[in-house]
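Computed over heavy atoms, backbone and side chain alike; hydrogens, waters and symmetry mates excluded. Each chain gets a letter, A, B and so on, in the order the sequences are listed, and its residues count up from 1. Everything numeric in this text was worked out from a predicted model, so none of it was measured.
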Amino acid sequence: MIAAHLPVLQIVVPLIAAPICLLLRRGSLAWGLSLAVSLAVLVIAANLLTQVLESGPISYQLGGWAPPWGIEYRIDVLNSFVLLIVAAIGAVVLAYARRSVAQELPESQQSGFYTALLLCLAGLLGVTVTGDAFNLFVFLEISSLSSYVLISMGRDRRALTAAFQYLVMGTIGATFIVIGIGLLYMATGTLNMADLGARLPAAGASRTVLAAFAFLTVGATLKLALFPLHFWLPNAYAYAPSAVTAFLAATATKVSIYILLRFFYTIFGPAFAAADITLQSLLIPLATVAVLVCSTVAIFQNNVKRMLAYSSIAQIGYMMIGIGFGTATGLTAGIVHLFNHALTKGGLFLVLGCVVLRAGSCRLDDLAGLGRRMPLTMFGFVLGGLSLIGVPLTAGFVSKWYLVQAAIEQGNWLVAAAILAGSLLALIYVWRVVEAAYLRPAPENAPEAAEAPWSMLIPAWILIGASVYFGVETSLSVGVASEAARFLLGGAG
Amino acid sequence: MADFPGLFNYWIVIVLMMTGFYVVIARGNLVKKIVGLNIFQTSVFILYISMGKVDGGTAPIIVEGTVGAGVTYSNPLPHVLILTAIVVGIATTALGLALIVRIKEAYGTIEEDEIFAKDEPE
C-alpha cells in the first residue's frame, strides 16, 4: 500500500519535517529528527532504484490526475541513480553535522539550520523525481532559496556577500529556465516532460523552440557553474559552514547537471541536441577551458576550501565534456563522474570540516604539521586527493578512464590531452596540501590539535572509503550509468 | 516591422527584461540590484500572462448558458503557473533584502565596491 506512494513520500517527508525542526528549537532535537528523516529518505531512494532496475520506470500521478494534465513524478534509471546519490550524501552529511554545526553556529541558529538543510534536500529530491517542467522550477527554487540561507550562516562575514552574489546569479539562472519553459509551453501546449519530448518534433526547429533551448541551456549551466558562469561558486563554497559546503558540493551542482541532461535528452531528444545545435562545438571547448583554467587557479589558492571549490568547477568541466560528446561512452563517463565526484568531493569537504573544527581554519599555513596530529583526518584527505587526481584503484580513475576512452573514440586527441593535463594540475594542488600537512613542521604556537571526534570521522571516512571502493568495484556505478546513458539515447531502459 | 503592433506585448517583455538585467549588472548598490532583479522577473510574469490570452477569449469562468455555446475562453493555465512564480519572486526579494540588512550590519555599507575594499586587506 505505502510502497505505491514512495515517489511522493520521498519529497513529503523532509518537507513536513522541516518546519517541525524549526518548532523544536533545540539544536540537538532538530538534528535527531533531520537525521532520522534523511535515513528514511535514503531507504526510500534505495528501494526506488531497485524497483526501477527490476521492473522499469515508475510513473506516479500526483493527486490521481493523469498526465499530461496532472503533475507526474517519473522515475527511471537516470533519476533514481541521482536520487540515490543525493539521499546518500544527505544522510552522511547530517550524521556528520552535529559537532561541526555546534561549533560553527550559535545555538539559536541551529534549528533554523536543520530546517533549511531539510528544505534544500527536499528541493533537490523534488527536482530529481518530477516529470513536470514547471514543477521542476518550483523545486529548484525551494532548494536554491534554502541554500542561500545555508551559505549565509557561515562564520565569516564574506559568507553574506557570497550568499547575496549566489542569490542574484541563481535567480537569473532560474528565471532563464522559467522563460525557456514558457516558450516551450507556447510551442507545444504541454508541460509534462515526456509529452514535451513527444510533441516537440512536430513543432519543428522554430525560432521559439530554439530560443527555449538557448534559455534552458544557459539557465542550467549557470546553476551548475560551467565556466565562465561559475563566479558565484568559489566564495559560496569557501565561506559556507563546513557541512553545507560538503552537502552542496556533492549534490546541488550534480542535480543541475541532471536537469541539463533531462532538458537535452528527454525534452529535446538526442537528435535535436546533437544535430541542430551542434552541442559539441559549444560545450566541449567551454568544459575543456574549465578543466584547465580552474585547475590552474586552484593551485594558487591559500584557503583549502577555496582550492577545492575551484577544483569542483574543473571537475564539472569533466562531466560536461562527457555530456558534450553525446555518445554512449561519453554520457556514461559523465554520469559515472557525477557519482564518483559527489563521493570524492563530499568526502574531502567533510575531512576539511574536521580540520576546521580542530585547527580553527583551513588556510594552508594552519595545516602545517597536521599530518602527525590528525593522522586519520589527513590520511582521508590524501585518499580523496588521489581520487581527485584519478590514480588507479580510486573512483576518479574509473570515470577519467571512460572519459579518455570517449575522447579517443571521437578522435579528439586534444580533449584527451586536456583531461590528462587536468589530472597533472590536480596533482599539484593536492600535493600542496599534502606537503603542508606532512612535511612542514607545526608552528611553535599552534593550538593543540587532536584527532577529530568519531561522529565526524566516520561519516567522512564513509565517503572517502566509498570513493576507493567504487574505484575497484564498478558494477553499481558504471553498470547503472551505462544503462542510464543507453536509456537517454533512446535504447531500452 | 509589420508584426510590431501585434507583438507589442513581447516588445514590452524584452525591454523590461533587458532593463532589469542591466540594472543588476551595472549598479553597485545592493538594493538597486534587487530592484533590477525584480524588474527582470516581472518581465517574465508578463510573458506568461500575455501568453494565456486567446484572441476574442473571455475569462475562463463557466456561467449558466455559456456552456457549449461556442464561447472562446482565454487559457488560465499560464496565469496559475505564474502565480507560483510570483510567490517565488517575493520569497527571493525578501531573502535578498534580509541579506542586505545583515551585510549592512557587518560592513556598514551596501555599496559593492566599498564592501570589496573592506575585505581586501586580509
Side-chain angles (χ1 to χ4, degrees), chain A residues 68-69 116 119 123 132-135 137-142 144-149 151-172 174-187 189-191 207-208 211 215 219 235 239 302-303 363, chain B residues 10 13-14 17 20-21 23-25 27 30-31 33-34 36-52 75 77-78 80-108 110 112 115-116 118-119 122:
Chain A
W69 297 281
L119 280 178
D132 182 278
F134 199 84
N135 199 230
F137 158 74
V138 176
F139 277 124
L140 184 67
E141 282 297 58
I142 291 178
S144 304
L145 285 167
S146 44
S147 63
Y148 310 145
V149 174
I151 289 166
S152 74
M153 285 178 170
R155 278 185 301 184
D156 195 301
R157 65 178 178 182
R158 274 171 288 188
L160 296 170
T161 44
F164 186 81
Q165 198 183 14
Y166 183 21
L167 180 135
V168 171
M169 299 279 272
T171 305
I172 292 174
T175 311
F176 270 33
I177 292 177
V178 198
I179 299 172
I181 294 170
L183 293 175
L184 282 182
Y185 180 73
M186 282 166 96
T190 180
L191 287 167
R207 192 73 63 83
T208 316
F215 273 116
N235 278 339
Y239 301 120
N302 277 322
N303 179 332
R363 281 184 312 137
Chain B
Y10 296 117
V13 168
I14 291 167
M17 191 183 287
F21 206 26
V23 174
V24 173
I25 295 168
R27 294 293 147 183
L30 299 185
V31 174
K33 269 187 194 294
I34 291 290
L37 207 58
N38 257 302
I39 299 174
F40 180 67
Q41 288 181 306
T42 308
S43 75
V44 182
F45 303 162
I46 297 177
L47 173 74
Y48 268 76
I49 291 166
S50 63
M51 187 197 296
N75 185 352
L77 184 71
V80 179
L81 291 180
I82 217 59
L83 268 180
T84 317
I86 290 171
V87 174
V88 170
I90 291 169
T92 312
T93 309
L95 181 58
L97 291 174
L99 279 175
I100 293 174
V101 172
R102 292 279 310 277
I103 288 173
K104 169 85 176 165
E105 282 169 6
Y107 288 87
I110 53 166
E112 208 174 33
I115 291 170
F116 287 140
K118 288 200 173 190
D119 274 335
E122 287 184 49

Q. Of the backbone (N, CA, C, O) and the side chain (C-beta and beyond), which part of Ile142(A) lies under 4.5 Å from a heavy atom of chain B, both, or neither?
A. neither
Q | Rounded distance [0.5 Å steps], CG in Leu99(B) versus CD1 in Ile151(A) | A | 10.0 Å
Q. Counting heavy-atom pairs under 4.5 Å to chain A, which of Leu77(B), Ile82(B), Val24(B) comes out on top?
A. Leu77(B)
Q.
Quick one, Asp119(B) and Arg157(A) - any side-chain contact, counting heavy atoms below 4.5 Å?
A. yes
Q | Interatomic spacing from CE in Met153(A) to CZ in Arg102(B) - rounded to 0.5 Å | A | 8.5 Å
Taking only distance into account, with no hydrogens and no angle test, what donor-acceptor pairs under 3.5 Å do side-chain atoms of residues 83-96 of chain B form with protein atoms, sequence neighbours excluded?
unit_1	atom_1	unit_2	atom_2	d
Thr84(B)	OG1	Leu81(B)	O	3.4
Thr92(B)	OG1	Val88(B)	O	2.8
Thr93(B)	OG1	Asn38(B)	OD1	3.4
Thr93(B)	OG1	Asn38(B)	ND2	3.3
Thr93(B)	OG1	Gly89(B)	O	2.8

Q) Aromatic rings Phe134(A) and Tyr48(B): how do their planes relate, parallel, tilted or perpendicular, breaks at 30° and 60°? A) perpendicular
Q | Worked verdict on Glu105(B) versus Leu160(A) for side-chain contact (heavy atoms from CB on, under 4.5 Å) | A | CA-CA 11 Å; Glu105(B) 282 169 6; Leu160(A) 296 170; over 6 Å; no
Q. Rounded to the nearest 0.5 Å, what separation is found between the OG1 atom of Thr161(A) and the CG atom of Leu30(B)?
A. 9.0 Å
Q. At their closest point, which heavy atom of Met186(A) faces which heavy atom of Met51(B), and how far apart are they?
A. CG-CG, 3.3 Å
Q: Drop me the distance from Ile100(B)'s CD1 to Leu167(A)'s CG, to the nearest 0.5 angstrom.
A: 9.0 Å
Q: Can you tell which part of Phe21(B) gets under 4.5 Å to a heavy atom of chain A, answering side chain, backbone, both or neither?
A: side chain
Q: Mind running side-chain contact (heavy atoms from CB on, under 4.5 Å) on Ile115(B) and Phe164(A) for me, showing each step along the way?
A: CA-CA 12 Å; Ile115(B) 291 170; Phe164(A) 186 81; over 6 Å; no
Q: With side-chain contact (heavy atoms from CB on, under 4.5 Å) as the test, would you mind laying out the steps for Gln41(B) and Val178(A) before giving the verdict?
A: CA-CA 10 Å; Gln41(B) 288 181 306; Val178(A) 198; over 6 Å; no
Q) What part of Ile103(B) lies closer than 4.5 angstrom to a heavy atom of chain A: side chain, backbone, both or neither? A) both
Q. Between Val138(A), Val168(A), Ile172(A), which shows the greatest number of heavy-atom pairs under 4.5 Å with chain B?
A. Ile172(A)
